[in-house]
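What follows is a short report on a single structure.
All of these numbers come straight from a predicted model, not from anything done at the bench. Position 1 is the first residue of the sequence, and the numbers go up from there.
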Amino acid sequence: MFSVIILGAGKSVRAGQNKLNMFIGEETVLERTVSSFKRNPYISQVIIVGDYEKSDKFTVVKGGETRFQSVKNGLEAVTNNFVLIHDGARPFVSPELIDRVREGVAKHGSAIPVIPITDSIRGIDGEKIIVAPSRENIVFVQTPQGFKTQEIRLAYSRAKHTDYTDCSEVYLKNCGNPHIISGEDKNKKLTTEADLFGLNARVGIGSDLHRLVPLRKLVLGGIEIASDKGTLAHSDGDAVIHALIDAILTAIGETDIGTHFPDTDFKFKDIDSAVLLSSVMEMLEKKNYKIINTSITIILDSPKLKDYLPIMKVKLANILKISTDKIGISCKTTEGTAEDTVRANAVVVIS
Ligand code: MG
């Protein structure tokens, strides 16, 4: 099993405030980072280094004056044979990258994620460029970096000074040549407030239409609406939730609602669509995404929905795990051109 040390002790001066306490959607950067690792079944211990309140979700260890000292403090608390060391300011680390690092450590004893340099690099002296080195054998280094606990502890104990920029350097200078694996672009380290906006965001759009017939229930946004007509559908015919499901599925690069919940499958007969939306939320969370906000349009001639919207928002907010102010719902009519239909459109932003 693995322990993970998450470094949260940095001063964050470049971001103007402690960037780990800034919000991405409903969570702080640190909470998002922690949940990325908590989901991995091979990680049994999460250690946070820094000035944080104790929690049953992780161990808290005091930070040091330097990154070097913070890692050293974290290493003392590790109880597993293998350890991942990660910057708290990289909240978008994917489940796949965590697994690649884990497998790299199991196979090679260490694993350092790197990405190629795309910009040119130049050596300068004062205000002049004096050398133009090739970037061929140069890479950007990311975290999580994985090691055998015993080896990285040994490297830290042998270190002669504390000015190393990361663990791979401490390992290189005091233990051996660390093994590299491929990192990922979206695993960016947040350094400025501007980094938080739009980074890693994706958009999804969904649309649904149902015919209205007598003697059926009308359910929209998980709420039953008093109406003399309801939707004709295999499920409960909740056009709002169906539009939301397609918006989320397409945002995460999945196929649409019909392939996941086919209307030929008897188990979806008259099903509460809120149950389907919850299972789509699980798919989203597995990919380490969260909903940021959603904008919904409902097109229906009658009945009027205005009085139902506040409760509809509460219902959806609970399933989507966002606050009601992140949900916008507008209502339109067909102006009598399609009285026997209900249509819904939904846009979601995820990050
Ligand atoms: Mg539908």
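Between H260 and I257 there is no side-chain heavy-atom pair separated by less than 4.5 Å. Annotation: side chain of K332 is not in contact with side chain of L300 (no heavy-atom distance under 4.5 Å). Under the 4.5 Å side-chain criterion, counting only non-hydrogen atoms from C-beta, S182 is not in contact with I115. Looking only at side-chain heavy atoms (C-beta outward), T143 and I112 stay at 4.5 Å or farther from each other. With a 4.5 Å cut-off on side-chain heavy atoms, I225 and V219 do not count as touching. K38 places a side-chain heavy atom less than 4.5 Å from the side chain of V46. Counting heavy atoms from C-beta on, the side chains of I271 and D236 never come closer than 4.5 Å. Between V60 and S55 there is no side-chain heavy-atom pair separated by less than 4.5 Å.
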*Apply the test salt bridge (Lys or Arg N to Asp or Glu O under 4.0 Å) to residues D99 and R102: give CA-CA distance (whole Å), side-chain angles for both, the deciding distance (0.1 Å), then the verdict.*
CA-CA 5 Å; D99 282 337; R102 238 184 3 81; 3.0 Å; yes
_Derivation of the side-chain contact (heavy atoms from CB on, under 4.5 Å) call for I48 and V61_ = CA-CA 6 Å; I48 297 191; V61 168; over 6 Å; no
*side-chain contact (heavy atoms from CB on, under 4.5 Å) evaluation trace for V342 with I299*: CA-CA 6 Å; V342 56; I299 306 163; over 6 Å; no
*Walk me through it: do H210 and T341 pass the test side chain to side chain donor-acceptor pair (under 3.5 Å)?*
CA-CA 6 Å; H210 283 278; T341 62; over 6 Å; no
_Could you go through I327 and N293, starting from their C-alpha distance and side-chain angles, then the distance that decides it, and tell me whether this counts as side-chain contact (heavy atoms from CB on, under 4.5 Å)?_
CA-CA 6 Å; I327 299 175; N293 75 306; over 6 Å; no
*Take S235 and H242, measure what side-chain contact (heavy atoms from CB on, under 4.5 Å) needs, and give me the verdict at the end.*
CA-CA 10 Å; S235 66; H242 295 177; 3.2 Å; yes
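With hydrophobic clusters built from ILVMFWY side chains whose heavy atoms lie under 4.5 angstrom apart, I311 shares a cluster with L305. Each of M312 and V347 belongs to its own hydrophobic cluster when Ile, Leu, Val, Met, Phe, Trp and Tyr are linked at side-chain heavy-atom distances under 4.5 angstrom. By the criterion of side-chain heavy atoms lying less than 4.5 angstrom apart, applied directly or through intervening Ile, Leu, Val, Met, Phe, Trp or Tyr residues, I180 is grouped together with Y171 in one hydrophobic cluster. Residue I205 is grouped with residue I292 when hydrophobic side chains (ILVMFWY) are merged at heavy-atom distances under 4.5 angstrom, including chains of intermediate members. The cluster map of Ile, Leu, Val, Met, Phe, Trp and Tyr, joined by side-chain heavy atoms under 4.5 Å apart, puts M283 and I248 in the same cluster.
Pairing each heavy atom of E169 with each of D163, the nearest pair is OE1-O, 4.5 Å. In this structure, E27 and S35 approach most closely via the heavy-atom pair OE2-OG, 3.8 Å. Scanning all heavy atoms of the two residues, the minimum distance from P144 to V101 falls at O-CG2, 3.4 Å. The minimum heavy-atom distance linking S168 with P178 is given by the pair O-CG, 3.8 Å. The heavy-atom pair separating I6 from G88 by the smallest distance is CG2-CA, 3.6 Å. L309 and C331 get closest at one heavy-atom pair: CD1-SG, 3.9 Å.
If you take CG on L154 and SG on C175, they are separated by 5.5 Å, rounding to the nearest 0.5 Å. How far NZ of K189 is from CZ of F140: 13.0 Å, rounded to the nearest 0.5 Å. To the nearest 0.5 Å, atoms CD (Q145) and CD1 (I85) are separated by 7.5 Å. For the atom pair NZ (K313) and CD1 (I322), the distance works out to 10.5 Å, reported to the nearest 0.5 Å. Separating the CD1 atom in I5 from the OG atom in S70 is a distance of 10.0 Å, to the nearest 0.5 Å. Between atom OG of residue S302 and atom CG of residue D228 there is a gap of 6.5 Å, rounded to the nearest 0.5 Å.
For the pair N80 (side chain) and F2 (backbone), a donor-acceptor distance under 3.5 Å is present. When atom types are taken as modelled, the side chain of R211 and the backbone of L232 share no donor-acceptor pair closer than 3.5 angstrom. Of the possible donor and acceptor atoms, one in the side chain of T28 sits under 3.5 Å from a partner among the backbone N and O of E31. Put simply, the side chain of R202 never gets that close to the backbone of I350: no donor and acceptor are under 3.5 Å apart. A donor-acceptor contact shorter than 3.5 Å links the side chain of R158 to the backbone of N174. Using a distance-only test at 3.5 Å, with no hydrogens or angles considered, a donor-acceptor pair links the side chain of D238 to the main chain of I241. Checking side-chain atoms of S36 against main-chain N and O of R32 turns up a donor-acceptor pair under 3.5 Å. When atom types are taken as modelled, the side chain of H234 and the backbone of D265 share a donor-acceptor pair closer than 3.5 angstrom. The closest donor-acceptor contact from the side chain of R135 to the backbone of T118 lies under 3.5 Å. Side chain of S295 to backbone of G328: no donor-acceptor contact under 3.5 angstrom is found.
The neighbour count for N177 CG, taken as heavy atoms of other residues, nucleotides or ligands under 6.0 Å away, does not exceed 12. By the 6.0 Å contact criterion, CZ on F268 is enclosed, its count of non-hydrogen atoms from other residues, nucleotides or ligands being greater than 12. More than 12 heavy atoms of other shown residues, nucleotides or ligands fall within 6.0 angstrom of atom CZ in R153. Other residues, nucleotides and ligands place no more than 12 heavy atoms under 6.0 Å from the CG atom of L215. Other residues, nucleotides and ligands place no more than 12 heavy atoms under 6.0 Å from the NZ atom of K62.
A salt bridge does not link K290 to E285: none of the charged side-chain nitrogens sits closer than 4.0 Å to a carboxylate oxygen. Between D87 and R67, at least one side-chain N (NZ, or NE/NH1/NH2) sits under 4.0 Å from a carboxylate O, which counts as a salt bridge. With respect to the salt-bridge test (charged N to carboxylate O, under 4.0 angstrom), the residues K107 and E103 do not qualify. Salt bridge present: D270 and R216 bring a charged side-chain N and a carboxylate O closer than 4.0 Å.
Between the side chains of S94 and N288, no donor-acceptor pair of N or O atoms lies under 3.5 Å. Counted by atom type alone, Q150 and N81 present zero donor-acceptor pairs between their side chains at under 3.5 Å. Residues T33 and H86 have side chains that never bring a donor and an acceptor to within less than 3.5 angstrom of each other. For the residue pair Q69 and T162, no side-chain donor N or O sits within less than 3.5 Å of a side-chain acceptor on the partner. Looking at T334 and D301, their side chains do bring a donor and an acceptor atom within 3.5 Å of each other.
For F147 and F82, the ring centers sit 6.0 Å or farther from each other. You'll find the ring centres of F68 and Y156 inside the 6.0 Å limit.
For the pair K186 and Y289, the cation-pi criterion (under 6.0 Å, within 45° of the ring axis) is fulfilled.
No option in T297, D246, N345 other than N345 meets the side-chain hydrogen bond (donor to acceptor under 3.5 Å, both in side chains) test with S207.
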